Amino acid sequence: MTPLRVVQWGTGNIGARSLQAVIEHPALELVGVFVYADDKVGRDAGELCGLEPTGVAATGRRDEVVALGADVALYMPRSLDPDDVVALLESGTNVVTTRGEFHRPESLDPALRDRIDAACREGGSSIHSTGSSPGFITEAIPLVLTSIQRRLDRLTIDEYADMSSRHSPELIFDIMGFGRPPESFDQRRVGHLRDAFGPSLQLVAEALGATVDRVEAHGEVAAATAPIEIAAGTVEAGTIAAMRTTVSAVVQGRELLRFRANWYCGTEIDADWSLQSTGWRVNVEGDTPLDVTLHFPVPLDRMAETTPGYTAHRAVNAVFAVGDAGPGIRTSTELPQIIAKLGEERST
């Protein structure tokens with residue numbers, strides 16, 4: 001089997017884990033790396049992800065990467081640059097991305113969708129968005145669990161994130177808003193999650209033959225009932241210790257699918273949310289009810305070094321399916337099941 005020639009675009013937390021997986025993959029050949037930071041330009045790909053040298057140097061020039069004519073680009077920047085994506089697709093390079101914009105084509109801005117479709121036609125290429133959440137937990141798992149249903153009343157995905165071991169006061173208190181008065185909750189976070197998860201839920205609902213009336217979202221908080229000591233500091237009693245944001249796909253006036261993000265610094269709160277350890281719980285209400293829990297069996301102090309793989313690895317495993325797809329924006333309902341190609345890892 002001839003290895004697929006792969007470019008890694010972006011080497012942040014997720015991108016670096018993806019890069020490592022590509023280098024070690026027996027059926028992939030790394031041919032290029034695009035980086036944003038000046039101090040990464042010229043450095044060996046292996047150095048950027050903690051492996052031995054590979055002989056592939058990173059570049060910050062788009063034209064150099066596009067000219068490689070890679071089979072697939074793993075596109076993982078912090079923000080979307082349509083010009084970069086269009087250039088890759090026009091050149092004939094397929095794109096797998098952990099960016100969430102492409103989960104459902106109909107949810108894209110029409111002008112952007114037209115640009116992407118035109119680029120795919122010109123290059124005979126395809127693009128696919130995936131990851132852990134949204135992606136694996138909002139598409140792959142629900143599609144499998146509903147495959148034994150004939151009547152679905154509601155499917156609820158709860159995502160749990162225990163933030164108590166994060167050693168970042170800026171993240172916990174300044175950015176996320178824990179430890180503040182409950183009335184200070186930033187509703188912009190609700191809109192962000194609606195935009196991130198709504199298209200994924202709509203995609204699944206439509207695959208099941210349902211017509212979504214609308215996507216709704218709301219946020220709520222719970223206060224600490226006593227001071228909670230966490231790695232970042234102290235969450236005082238009466239201040240925000242847990243947040244829950246719910247995104248729902250409404251069909252015929254009722255929630256058919258919903259995703260709930262539960263972020264918390266402790267369980268001593270003034271709400272009965274039945275918080276669980278970091279991971280997911282999927283509850284299926286219907287004629288074949290199911291209740292599935294997926295915990296991350298990782299100590300909290302190692303979570304930061306482990307969790308990037310949950311997002312990066314699914315994208316790496318998807319490159320083979322996307323490479324075989326026809327031109328266009330390809331969704332989870334159009335591609336075959338993503339199956340990991342394991343085999344022996346390459347020595348580096």
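It should be emphasised that the depicted structure is a prediction, and the values quoted were computed from it without experimental measurement. Each residue takes its place number in the sequence, starting with 1.
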Can a donor-acceptor pair be found, under 3.5 Å and without considering hydrogens, that links the side chain of Asp213 to the backbone of Gln252? yes
Can you find a heavy atom in the side chain of Ile329 that is under 4.5 Å from one in the side chain of Asp117? yes
How many angstroms lie between atom OG1 of Thr288 and atom CD of Gln149, to the nearest 0.5 angstrom? 4.5 Å
Is the side chain of Asp44 donor-acceptor paired with the backbone N or O of Gly55 at a distance under 3.5 Å, no angle test? yes
Hey, could you give me each pair passing salt bridge (Lys or Arg N to Asp or Glu O under 4.0 Å) that has a residue in residues 322-332? Not counting sequence neighbours. Arg330-Glu334
Under 4.5 Å between side-chain heavy atoms, counting indirect links through other Ile/Leu/Val/Met/Phe/Trp/Tyr residues: same cluster for Val22 and Tyr310 or not? no
Residue pair Phe259 / Pro134, side-chain heavy-atom distance below 4.5 Å: no
Taking all non-hydrogen atoms of both residues into account, name the closest pair between Leu335 and Ala321 and its distance. CD2-O, 3.9 Å
Determine whether Phe102 and Pro199 make a side-chain contact, defined as any pair of heavy atoms from C-beta on separated by less than 4.5 Å. no
Ignoring hydrogens, what is the shortest heavy-atom contact between Val204 and Glu139? Give both atom names and the distance. CG2-CA, 3.8 Å
Any chance CZ of Arg151 has more than 12 other-residue heavy atoms, nucleotides or ligands included, within less than 6.0 Å? yes
For a quick test of reading the model, state the closest non-hydrogen atom pair linking Gly12 to Lys40 and the distance between them. N-NZ, 4.5 Å
Thr311 side chain to Pro308 backbone, donor-acceptor under 3.5 Å: no
Sub-4.5 Å side-chain heavy-atom contact between Leu112 and Leu80: yes
Has the side chain of Thr11 got a donor or acceptor atom that lies under 3.5 Å from a matching backbone atom of Ala16? no
Same hydrophobic cluster for Tyr160 and Phe136, using side-chain heavy-atom links shorter than 4.5 Å among ILVMFWY? no
Please report the shortest heavy-atom distance between Arg302 and Thr306, naming the atom on each side. O-OG1, 3.0 Å
Decide yes or no for Phe178 and Tyr264: does some side-chain heavy atom of the first lie under 4.5 Å from some side-chain heavy atom of the second? no
Contact check, side chains of Phe320 and Leu28, non-hydrogen atoms, under 4.5 Å: yes
Heavy atoms, side chains only, cut-off 4.5 Å: are Asn94 and Ile127 in contact? no
By side-chain contact (heavy atoms from CB on, under 4.5 Å), which residues pair with Arg254, not counting sequence neighbours? Leu256
Do Val144 and Leu203 sit in one hydrophobic cluster, given that two such residues count as connected whenever their side-chain heavy atoms are within less than 4.5 Å of each other, even indirectly? no
What I'd like to find out is whether the side chain of Leu290 reaches to under 4.5 Å of the side chain of Val282, using heavy atoms alone. no
Roughly how far, to the nearest 0.5 Å, is the OG1 atom of Thr156 from the CZ atom of Arg281? 9.5 Å
Check the surroundings of atom CG in Asp38: do more than 12 heavy atoms from other residues, nucleotides or ligands lie under 6.0 Å from it? no
Hydrophobic cluster membership, Tyr36 vs Ile14, 4.5 Å side-chain cutoff: no
Going through the checks in order, is the side chain to side chain contact (heavy atoms under 4.5 Å, CB included) test met by Thr93 and Val7? CA-CA 9 Å; Thr93 297; Val7 163; 5.9 Å; no
Without hydrogens or angle criteria, can the side chains of Asp162 and Ser277 be said to hold a donor-acceptor pair below 3.5 Å? no
Can you name the nearest heavy-atom pair linking Leu74 to Ser18, along with the distance? CD1-OG, 3.4 Å
Approximate separation, where rounding is to 0.5 Å, of Thr307 OG1 and Asn13 CG: 8.0 Å
Using a strict threshold of under 4.0 Å (side-chain N to carboxylate O), is an ion pair present between Arg62 and Asp84? yes
Distance-only criterion, 3.5 Å: show the donor-acceptor pairs between side-chain atoms of residues 215-228 and protein atoms not counting sequence neighbours.
residue : atom : partner : partner atom : Å
Glu216  : OE2  : Arg214  : NE           : 2.7
Glu216  : OE2  : Arg214  : NH2          : 3.1
Thr225  : OG1  : Glu268  : O            : 3.3

If we ignore angles and hydrogens, is there a donor and acceptor under 3.5 Å between the side chains of Arg258 and Thr246? no
CG of Leu51 to CG of Leu19: how many Å apart, nearest 0.5 Å? 7.5 Å
If I take atom CZ from residue Phe185 and atom CZ from residue Arg180, how far apart are they, to the nearest 0.5 angstrom? 11.5 Å
For Thr98 and Met76, indicate whether the former's side chain and the latter's backbone hold a donor-acceptor pair under 3.5 Å. no
Same hydrophobic cluster for Leu201 and Val212, using side-chain heavy-atom links shorter than 4.5 Å among ILVMFWY? yes
Roughly how far, to the nearest 0.5 Å, is CZ of Phe34 from CZ of Arg61? 10.5 Å
If only atom types and distance count, is the side chain of His295 paired as donor or acceptor with the main-chain N or O of Gln276 below 3.5 Å? no
Between Asp81 and Arg99, does at least one N-O distance fall below 4.0 Å, as a salt bridge requires? no
